[in-house]
There are 2 protein chains.
Amino acid sequence: MKTTRNTTAKSAILELIKNSEVALSHAEIQKMNQELCDRVTIYRILDRLVNEDVIHKIATPDGTIKYAACNHNPHEHHQHIHNHVHFSCEKCHSVTCLDAVKPSYTIPENYLVKEVNFTLSGLCPACVESISK
Amino acid sequence: MKTTRNTTAKSAILELIKNSEVALSHAEIQKMNQELCDRVTIYRILDRLVNEDVIHKIATPDGTIKYAACNHNPHEHHQHIHNHVHFSCEKCHSVTCLDAVKPSYTIPENYLVKEVNFTLSGLCPACVESISK
DNA sequence: TTTTAAATGCAACCTTGTTGCGTTTTATTT
DNA sequence: AAATAAAACGCAACAAGGTTGCATTTAAAA
């Protein structure tokens with residue numbers, strides 16, 4: 001089995017993502033990181049963190065890829081379907097994990113469902129505030 | 001108000017999308033279209049069709065943008081929330097609208113929800129078939 | 001038929017993501 | 001502590017996806 005190593009850049013990027021309220025894109029991480037490592041290295045680190053299941057990948061409604069720390073419930077450790085609910089703000093483009101919202105749905109026949117991606121979009125609380133003034 | 005015109009290229013592209021079982025990406029439309037019009041024109045036509053609310057845009061879990069014809073229910077003509085449920089196959093990369101699946105969820109507080117994007121992914125019926133053999 | 005603004009083609013450009021390769025670094029083994 | 005092997009890195013080059021400006025063409029209203 002391929003081993004994976006902890007490097008300065010990897011730890012720094014993971015901290016950034018963990019400490020962020022919202023999901024971050026490659027471009028955002030790059031800006032927050034300027035001198036730490038190369039653009040290409042960020043791509044490779046993000047891929048590794050996703051494979052290690054430490055962070056997860058989210059596609060926003062406009063196709064931008066963002067990353068957020070996984071919030072695994074220790075009691076459902078071996079659950080097979082990732083059930084991510086996100087909110088994507090169309091004004092400030094922030095993406096937040098909504099752990100409180102639990103969708104229910106009927107599984108379509110003949111399909112094999114492996115992942116569920118549920119994204120609500122509109123205005124986040126901060127943007128609702130700023131508009132109503 | 002800005003008027004919009006019906007051109008040969010626009011009609012052809014709309015027909016392609018309407019006649020397709022699955023949602024189509026810009027690249028796919030371009031291939032099916034070869035000589036009809038320029039790459040850039042396809043982008044502009046897709047934007048117009050989306051603005052006119054004739055087709056809708058879907059981001060697959062890997063961030064690819066696809067387009068499908070809108071299937072408006074005439075009885076809920078003025079509904080404000082678009083409720084799109086899609087299935088994205090991780091093997092053949094097809095994206096299908098699942099009109100039969102109706103998710104339910106609780107609206108998160110303080111957020112203004114304008115759109116709902118619910119994408120299931122895994123294997124589509126055809127790919128489930130081909131694998132089990 | 002004339003007119004005018006929308007739509008198009010083309011060239012140039014930017015952003016985002018990928019690949020190959022030689023060098024550096026981590027962490028295991030001696 | 002030194003040697004070692006593979007993982008991680010930087011850099012350059014490339015490819016795909018998407019945008020912009022501008023001169024030309026075309027749809028449709030006057």
Side-chain angles (χ1 to χ4, degrees), chain A residues 1-17 22-68 88 90 92-95, chain B residues 1-17 22-68 88 90 92-95:
Chain A
M1 156 192 159
K2 262 200 167 185
T3 65
T4 174
R5 294 176 185 172
N6 288 320
T7 62
T8 327
K10 187 182 165 191
S11 310
I13 288 176
L14 181 55
E15 280 314 296
L16 275 183
I17 297 174
V22 296
L24 299 175
S25 67
H26 174 275
E28 287 161 345
I29 292 171
Q30 200 183 335
K31 261 178 214 148
M32 297 166 81
N33 236 335
Q34 298 295 13
E35 300 293 299
L36 178 65
C37 68
D38 193 73
R39 208 170 66 85
V40 178
T41 303
I42 299 179
Y43 280 113
R44 299 200 258 229
I45 288 174
L46 290 173
D47 282 350
R48 257 181 288 152
L49 290 172
V50 168
N51 283 332
E52 291 166 20
D53 209 33
V54 181
I55 63 175
H56 64 268
K57 212 172 169 172
I58 311 156
T60 68
D62 68 327
T64 310
I65 301 292
K66 302 229 171 182
Y67 299 87
S88 172
E90 63 186 29
C92 71
H93 299 108
S94 67
V95 172
Chain B
M1 155 192 159
K2 262 200 167 185
T3 66
T4 172
R5 294 177 184 173
N6 287 320
T7 61
T8 329
K10 187 184 166 191
S11 310
I13 288 175
L14 180 55
E15 279 313 296
L16 275 184
I17 296 175
V22 296
L24 300 175
S25 66
H26 173 276
E28 287 161 345
I29 292 170
Q30 200 182 335
K31 261 178 213 149
M32 298 164 81
N33 235 337
Q34 297 296 10
E35 301 294 297
L36 179 64
C37 68
D38 194 71
R39 207 170 67 87
V40 178
T41 303
I42 299 179
Y43 280 113
R44 300 200 258 228
I45 287 175
L46 290 172
D47 281 351
R48 258 182 287 153
L49 289 172
V50 168
N51 284 332
E52 292 166 19
D53 208 33
V54 180
I55 63 175
H56 64 268
K57 211 172 169 173
I58 311 156
T60 67
D62 67 328
T64 309
I65 300 293
K66 302 230 172 182
Y67 299 88
S88 173
E90 64 186 29
C92 71
H93 299 107
S94 67
V95 172

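Naming: A, B, ... by sequence-line order, numbering from 1 per chain. Just so you know, these numbers come straight off a predicted model, no measurement behind them.
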Heavy-atom donor-acceptor pair, B:His26 side chain to B:Tyr67 backbone, under 3.5 Å: no
Rounded interatomic separation in angstrom, taking CD1 from A:Ile45 and P from C:dT25: 14 Å
Rounded distance in Å - NZ (B:Lys10) to C1' (C:dT8): 14 Å
4.5 Å side-chain heavy-atom contact, A:His93 and A:Glu28: no
Sugar-phosphate only, base, or nothing, as touched by A:Arg48 at under 4.0 Å among non-hydrogen atoms: sugar-phosphate
Nearest-nucleotide comparison on DNA chain D, the residue closer to the 5′ end among A:Val40 and A:Asn6: A:Asn6
Options D:dC9, C:dA27, C:dT8, nucleotide nearest the side-chain atoms of A:Arg5: C:dA27
A:Thr41 vs D:dA8: side-chain N/O to OP1/OP2 distance below 4.0 Å: no
Distance, rounded to the nearest Å, where A:Ile42 contributes CD1 and D:dG10 contributes P: 9 Å
Nucleotide C:dG9, atom P - distance to CD of B:Glu35 in whole Å: 11 Å
Which residue lies more 5' along DNA chain C, comparing A:Thr8 with A:Ala27 via nearest heavy atoms: A:Ala27
Flag side-chain contact, heavy atom, 4.5 Å: A:Arg39 against A:Ile42: no
Under-4.0 Å side-chain N/O to phosphate OP1/OP2 contact, A:Thr7 with D:dA7: no
Nearest-neighbour nucleotide for the B:Asp38 side chain, C:dT18, D:dT19, C:dG9 considered: C:dG9
Listed nucleotide nearest any side-chain atom of B:Cys37, set C:dG9, D:dA8, C:dA7: C:dG9
Atom-pair distance (CD1 on A:Ile13; P on D:dA8), nearest Å: 13 Å
Member of A:Thr60, A:Ile17, A:Ile29 meeting the side chain to side chain contact (heavy atoms under 4.5 Å, CB included) criterion with A:Lys66: A:Thr60
Atom pair distance, as rounded to whole Å: NZ in B:Lys66 and P in D:dG18: 12 Å
B:Thr3 side chain, from C-beta outward: closest of C:dA7, C:dT19, C:dA6: C:dA6
Spacing between A:Leu46 atom CG and C:dT18 atom P, to the nearest angstrom: 11 Å
Pair of N/O donor and acceptor under 3.5 Å linking C:dG17 base with A:Arg44 side chain: no
Any N/O donor-acceptor pair, B:Arg39 side-chain to D:dG18 base, under 3.5 Å: yes
Heavy-atom side-chain contact between B:Ile45 and B:Arg48 under 4.5 Å: yes
Whole-Å distance separating the CG atom of B:Asp47 from the C1' atom of C:dA6: 15 Å
